[in-house]
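Take a look at the structure set out below.
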Amino acid sequence: MTFDPVEPADPVLSGWIQVLTDDGVPAEPPQCSTDLATTVAERESDRADAPRWVWATTETDYPRLLRAGVRVERCHDIALTESLLLARVGRFGEPRSLAAAWARLRGLPVPQDPRPVAPQEQTALFGIEASGGSSVPDAQQQLEMLVAVHADQLRRIAVAASDPRASAPSLATLVAAESAGGLVAAEIAAFGLPWRVDAHDAVLTDLLGPRPFGDALPAKLAELGVHVGEAFGYAPGRGFNPDSPTQVLRALRHAGFSINSTRAWELRAIDHPGIELLLEYKELSRLHAAHGWAWQDAWVKDGRYRPEYVVGGVVSGRWATRNSGALQIPRIMRRAVIADDGWSLVVADAGQLEPRVLAAVSGDTGLARAAASGDLYAALAAEAFDGDRAAAKLALLGAMYGQTSGGIGPLLSVLRKRFPAAMAYVEDAARTGERGGVVYSRLGRACPPPSPRWRRIVSGLDGVAGADIAVEGDADMDSAAEADAAFADVNAYAYTDARADADGGAGAGSGGGSGYSGMRSGQAARSRGRFTRNFVIQASAADWASVWLAVLRRRLAELGGVDGVGRGSGVGGVAPHLVFFVHDEVVVHTPKQLADQAAQAVIESADEARRVVFGRTPVRFPLATAVVDCYADAK
DNA sequence: TACAATGACACA
DNA sequence: TACGTGTGTCATTGTA
C-alpha cells in the first residue's frame, strides 16, 4: 500500500493497493483507492483473514490510518525489515528507507533517510527527499518500488534462513515481530499514556515546593542549594553552584577529601556534614530538570503523555525513544499515571528476564531447572550457593555482564562447575567478540561487526603496543550468498563506534564505558567480548519481548471484539490497548470490566512468546501482574 | 553565539 | 592488575 502525499490532517486518504501472493508476487493489477481508510477497514473487517499490509514505514504511514480511525492487524515494515537484513550482512546505520532499499537493488545512488520529525512539525509526509535533481516518485511508482523491494526482502530472509554459517530459521518471525512492534509503537503514540497533570504537580510540589515563575529554581531546591554551599563554607550568593561537578570537586578537595568524581556512589563514602544535603540536592535537581514542570509542559497534552518509541533503536533490538526520555521516567513519577474513570491499568513485568533467557538459549539443564521456579536466584542459591541468594545473583549477573572484579571469581567458578552449558554459552560469545566475530540473538538479529578503529587497536596498528590478538577475517560479515555486488559498499561502519569512540573509553568507566579510545589491544578485545557476551542475552530477551508485545496486541484486540464492548477493529473505542512498554514491562489501559481478561491475555501472551522464541524449554517467564488505578500501585 | 564534549544519573 | 551490558537527557564547560 502506498499513500498519495497529502497533508496529515486531510480526512481523505488516497493511494495505491496491490494484492500479492505469499511469495510477494503480484496477484492482481494495482488499484487506486480514493478512500483508503474505508478500503483498508473493509479488508480488515474479517480479522481472522486480515491481510498483511506491506508499506514503506509504519512510523509515518500508520498514524495516518489511525487518525482516520482504522486499525490494522498485521504489516510488513520495509524499513524495519531492511535494518534487520542489513545488520545480517554487517551494515549498520545505513539508509533503510524504501527509496534507499530500492536504490541498492537497482545499483543507483542511495539517498539518505529523511530526518525523523516530531509529530507537531510534520508537514508533507512523504519520506522521499529529492536528491541530485531526481523527482519524488508518485504513489503509483512507489507501489512498484514497494513490490520489488518486498520481494527482494523475502528472498533475503530465505537466504538468511538457510545460511550454513549463521542460520536464522526464525528470521521471518523476527521480521513479523519487529513489524508488529512498529504497529504497537504507533498505537501507543496515538492513544497515549494516561497522565494526570494534577498528580504530577502534587509529586513535584511535595518534593520541590510550589511551581516557580519562569525559569527560577523551586523554593526547596534553591534553599537546599544555599545550605549545601554553607556546609562547605560558602556564604549565600557567593557563586557556589552544586550543579557544577567542577565546583563540588574543588570544595570537597578543599575540605580534605581526595575523590575522582562527584558521582553519588563516591560521595556516599565521604563523612562530611554537607554530603547528605548535596546528595539530596542532586536527586531533586535531576527530578526538576529531567521530569519537572518544563517536561510536563512539553510532553503532556490533554491528559496524555505520548512516548515516541524508536522500534529496534538499540542494536540489541531493544526499543529506544526520542525527545522525552520515555524509558527513563523516574519510578516516583508513576504516581501521575492514573487510569481514566471506569478504566484500569494492567501492569506486568517479566522478572529476572535475562537470566531466564540465558537458561533457555544455552539449554543448560541445571539453570533451566532453577529457571522453572518463580525466583530463579533463590533456586540457584539453593542448588549451588548454600542458600546465599545474594551470592547467586551476583554470580549470574557477573557472568552475563562479564564482570570479574569485586571478588566474584570464586562465585564464577561455582557457576562454571555446576552450570557448564550456560557458562560456555556466554564465554563462547565473549571469545567470538574478542576475535572480532559476530554473534546473533535467538531469532537471528546480528550484532554489529567491529569498527575499523577497533581492528586497528586490536591488531596493534593504532600506535598502542600489545598487538597479540588475531582478528578474524570478514567471513562473519557477509554470508557468501548475500555478498552480491550491490552490497559491496565498504563504507559500512561509520555508525558502529559513533558513541563508543566519542566517549572516554575504558578509563574510570566514564560515560557509556564501551569505547575504545586510549585502550590497549587486550582491553579493546575484552571490551568487545563483554559486549557480545551480553548481546546474545539482551538481544534474545528483546526477541522475546517483541513477540510478547505482538501476541498481546493481537489478543487485546480479540478481547475488544469478542466482548462486543469495543468497536474491535476500530481505534479509540473501548477495547483494551497497550499504552506503555519498557524493555520487559507493559502497561495496558483497559475498561474495568475487561481488566481481568486483559491481565489474562498478558500472561498467556508471555507464554506464547516463550514457545515461539524458545520452543520446548522448561524455562518459565513468570510475570508480576497487577490491576490498578495508578501505575505506582503496581508492586 | 552556537555547537560539542563532559559528567552525571534516570531506566531496563 | 583490572576489566559489568545497553540506552537518553540535562546542566555545565570548553571550543569555534
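Numbered from 1 within each chain, the chains take letters A, B, ... in sequence-line order.
- Atom CG in A:Leu358 sits about 15 Å away from atom C1' in C:dG4, given to the nearest Å.
- The interatomic distance linking A:Ile332 (CD1) with B:dC11 (P) rounds to 10 Å, in whole Å.
- Taking atom CZ of A:Phe92 as the reference point, atom C1' of C:dG6 lies 14 Å away to the nearest angstrom.
- Per the geometry, CH2 belonging to A:Trp295 stands 21 Å off P belonging to B:dC9, to the nearest Å.
- The salt bridge (charged side-chain N to carboxylate O under 4.0 Å, His left out) test applied to A:Arg306 returns no partner, not counting sequence neighbours.
- Scanning for side chain to side chain contact (heavy atoms under 4.5 Å, CB included) contacts around A:Ala289 gives an empty result, with sequence neighbours left out.
- One atom, CH2 of A:Trp319, and another, C1' of C:dG8, lie 17 Å apart when rounded to the nearest Å.
- Atom CD1 in A:Ile259 sits roughly 13 Å away from atom C1' in B:dA8 (whole-Å rounding).
- Taking the six-membered ring wherever Trp is involved, the centroid distance between the rings of A:Phe191 and A:His589 does not fall below 6.0 Å.
- Counting only residues at least two apart or in different chains, ring pair (Phe, Tyr, Trp, His ring centres under 6.0 Å) contacts with residues 310-332 of chain A comprise A:Tyr309-A:Trp319, A:Trp319-A:Phe581.
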Please enumerate all protein N or O atoms sitting under 3.5 Å from an N or O of nucleotides 13-16 of chain C, with distances to 0.1 Å.
residue : atom : partner  : partner atom : Å
C:dT13  : OP1  : A:Ser244 : OG           : 2.2

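- Closest approach to the A:Arg318 side chain among B:dC11, C:dT12, C:dG6 is made by C:dG6 (side chain taken as heavy atoms from C-beta onward).
- Contact annotation: side chain of A:Arg331 to base of B:dA10, donor-acceptor pair absent below 3.5 Å.
- Sequence neighbours left out, the pairs with a member in residues 350-362 of chain A that pass side chain to side chain donor-acceptor pair (under 3.5 Å) are A:Arg318-A:Glu354, A:Gln352-A:Arg356, A:Gln352-A:Asp375.
- Cation-pi geometry between A:Arg528 and A:Trp454 is met: the NZ or CZ atom falls under 6.0 Å from the ring centre, inside 45° of the normal.
- Comparing C:dG8, B:dC9, B:dA8 by their closest approach to the side chain of A:Thr262 singles out B:dA8.
- Backbone-only contact: A:Arg334 has heavy atoms under 4.0 Å from sugar-phosphate atoms and none from a base.
- At a threshold of 4.0 angstrom between heavy atoms, the contacts of A:Ala264 are confined to the sugar-phosphate backbone, with no base atom among them.
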**Q.** Pair assignment for DNA chain C - dot-bracket with | for other-strand partners, Watson-Crick or G-U under 3.5 Å
**A.** ....||||||||||||
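- For DNA chain B, the residues of residues 282-294 of chain A within the heavy-atom distance limit of 4.0 Å (strictly under) are A:Lys282, A:Arg286, sorted by number.
- Comparing C:dG4, C:dG6, B:dC11 against the side chain of A:Arg530 picks out C:dG4 as the nearest.
- Straight-line distance from the CD atom of A:Glu266 to the P atom of B:dA8: 8 Å, rounded to whole Å.
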Taking distance alone, no hydrogens or angles, what donor-acceptor pairs closer than 3.5 Å link side-chain atoms of residues 213-232 of chain A to residues at least two apart or in another chain?
residue  : atom : partner  : partner atom : Å
A:Lys220 : NZ   : A:Asp206 : O            : 2.9
A:His227 : ND1  : A:Glu230 : OE1          : 3.4

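- The side chain to side chain donor-acceptor pair (under 3.5 Å) analysis of residues 399-423 of chain A, with sequence neighbours excluded, yields the pairs A:Arg416-A:Glu427.
- Among the protein residues, A:Gly398 comes within range of no part of the nucleic acid, since none of its heavy atoms lies under 4.0 Å from any strand.
- Taking A:His288 as the reference, nothing meets the ring-ring contact (aromatic ring centres under 6.0 Å, His included) condition, with sequence neighbours excluded.
- OP1 or OP2 of C:dC3 has at least one side-chain nitrogen or oxygen of A:Ser405 nearer than 4.0 Å.
- Using a 4.0 Å heavy-atom cutoff across all strands shown, A:Leu353 reaches no nucleic acid atom at all.
- For A:Val582, the side-chain atoms get nearest to B:dA12 when compared with the rest of C:dG8, B:dA10, B:dA12.
- Listed by chain and number, the residues in a salt bridge (charged side-chain N to carboxylate O under 4.0 Å, His left out) with A:Arg286 amount to none (sequence neighbours excluded).
- You'll find the ring centres of A:Tyr305 and A:Phe580 outside the 6.0 Å limit.
- With sequence neighbours left out, A:Arg620 forms a salt bridge (charged side-chain N to carboxylate O under 4.0 Å, His left out) with no residue at all.
- A donor and an acceptor atom sit less than 3.5 Å apart, one in the side chain of A:Gln328 and one in the base of C:dT7.
- Nearest heavy atom pair, residue A:Leu284 against residue A:Leu207, reads CD1-O, 3.7 Å.
- When the P atom of C:dT12 is taken as reference, atom CZ of A:Arg250 falls 14 Å away, rounded to whole Å.
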